[in-house]
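Notes to accompany the following structure.
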Amino acid sequence: MSFDLEENKLKEEIAKRKPKIVFLQLPEGLKAVAPRLAALIEEAGAIPIVSGDPCYGACDLAVSGAKILGANLIIHYGHTPMTVNVDVPTFYIEVKAKIRINEAVTEALSHLESWNKIGLVTTVQHVHQLDDAKTILKNAGKSVFVGNAGRVKYPGQVLGCDFSNAQSISENVDAYLFVGGGRFHAMGVALSTEKPTIIADPYEKKAYPIHDQVRRVIMQRWGSISEAKKAKTFGVLVILKSGQIRLRDATKIKEKLEKNGLTATIFALREVTPSALMQFSGIDAFINTACPRLSLDDGPHFGRPLLSINETLVMLGELKWEELLKSGWFGNAT
Ligand code: SF4
């Protein structure tokens with residue numbers, strides 16, 4: 001196992017709180033260890049129930065499921081706490097990676113040759129390894145910057161929707177090095193800072209730049225906004241996840257659309273999928289008020305435009321495309 005599941009911490013927490021029922025929530029990449037963790041919870045004296053729903057972030061605490069089941073404790077794996085109104089006791093286990101990052105970071109040096117001032121960013125899984133990455137970069141003669149804007153738990157940490165630590169050092173750096181798996185977070189860094197971003201992926205043991213994909217996403221988003229300009233009927237989506245419910249924003253954007261002579265209906269759903277939206281055949285375009293990554297990462301799969309709030313403002317002429325590019329799509333300007 002390349003992650004530390006902090007099993008002792010889990011057992012100690014259950015022994016301390018003595019819950020009758022524990023609702024266990026894991027991100028997609030860790031669902032395979034659910035039976036093992038459930039067995040540990042049972043050994044510690046509680047009844048474990050594993051949430052089988054998708055979980056993409058700390059914004060998605062399984063509060064309603066826990067309440068329906070009468071759970072006394074939610075154990076949420078893989079994310080740092082987020083400010084979410086929760087009335088079920090919740091314990092977070094962050095899950096640190098055990099895999100070595102050195103090979104991938106060393107390989108990244110060849111992609112960073114043109115730049116001297118490097119911003120280091122990562123996910124919670126690798127924050128404890130940033131010093132190793134820093135040493136490798138410094139030994140190669142680079143100046144290294146790690147941002148701390150104070151919005152997320154650790155310096156250098158980014159979330160899929162919060163790149164404040166990267167943005168806080170943007171003026172000081174030539175390029176970023178993202179340490180971690182996949183393109184998801186690195187793409188957000190590149191979009192929100194408009195700086196070259198290199199991925200050092202310790203799981204693939206390789207390093208590569210992400211500029212091409214970023215350019216493609218920007219073009220797709222412009223295409224969606226242009227397409228939505230032709231739409232007459234809009235569906236405004238409210239997402240029923242504990243940290244994503246934005247009914248006020250949905251109501252405001254509905255009013256703006258109506259003021260522009262367009263028709264808008266608010267829809268509430270837990271998971272936004274192409275098949276869920278396909279049912280609403282009378283709708284020309286959708287506005288997503290929740291996770292900004294839905295439109296950015298999966299936009300082309302929905303068949304019809306799926307715009308963020310900021311993209312809707314560009315469509316209505318209330319926000320300039322250049323300002324949207326600067327925001328990296330992660331802010332909300334209603
Ligand atoms: S809103 Fe989206 S990107 Fe942000 S934490 Fe939730 S799932 Fe991740």
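Just so it is clear, the model here is predicted, and its values are computed rather than measured. If you read the sequence from its start, that first residue is 1, and numbering goes on from there. Counting starts at 1 for both ligands and their atoms, in listed order.
Taking atom 2 (Fe) of ligand 1 as the reference point, the nearest protein heavy-atom neighbour is Cys291 SG, 2.3 Å. When only non-hydrogen protein atoms are considered, atom 7 (S) of ligand 1 lies nearest to Cys59 SG, 3.6 Å.
Test Glu13, Glu12, Glu6, Glu7 against Lys9 for salt bridge (Lys or Arg N to Asp or Glu O under 4.0 Å) and you get one pass: Glu6.
With Phe286 as the aromatic partner, Arg304 does not meet the cation-pi criteria of under 6.0 angstrom to the ring centre and within 45 degrees of the ring axis.
When each atom of ligand 1 is checked for a heavy atom of Met82 under 4.0 Å away, the hits are 5 (S). Those atoms of ligand 1 that come under 4.0 Å of a heavy atom in Gly160, given as number and element, are 3 (S). Set against the non-hydrogen atoms of Tyr56, the atoms of ligand 1 under 4.0 Å away are 7 (S), 8 (Fe).
Under 4.0 Å is where a charged nitrogen must lie from a carboxylate oxygen, and between Arg151 and Asp162 at least one such pair does. A salt bridge does not link Glu255 to Lys259: none of the charged nitrogens lies less than 4.0 Å from a carboxylate oxygen.
By the 30° and 60° cut-offs, the orientation of the rings of Phe178 relative to His185 is parallel.
Cys161 lies close to atom 4 (Fe) of ligand 1, since one of its N, O or S atoms is found at a distance under 2.8 Å.
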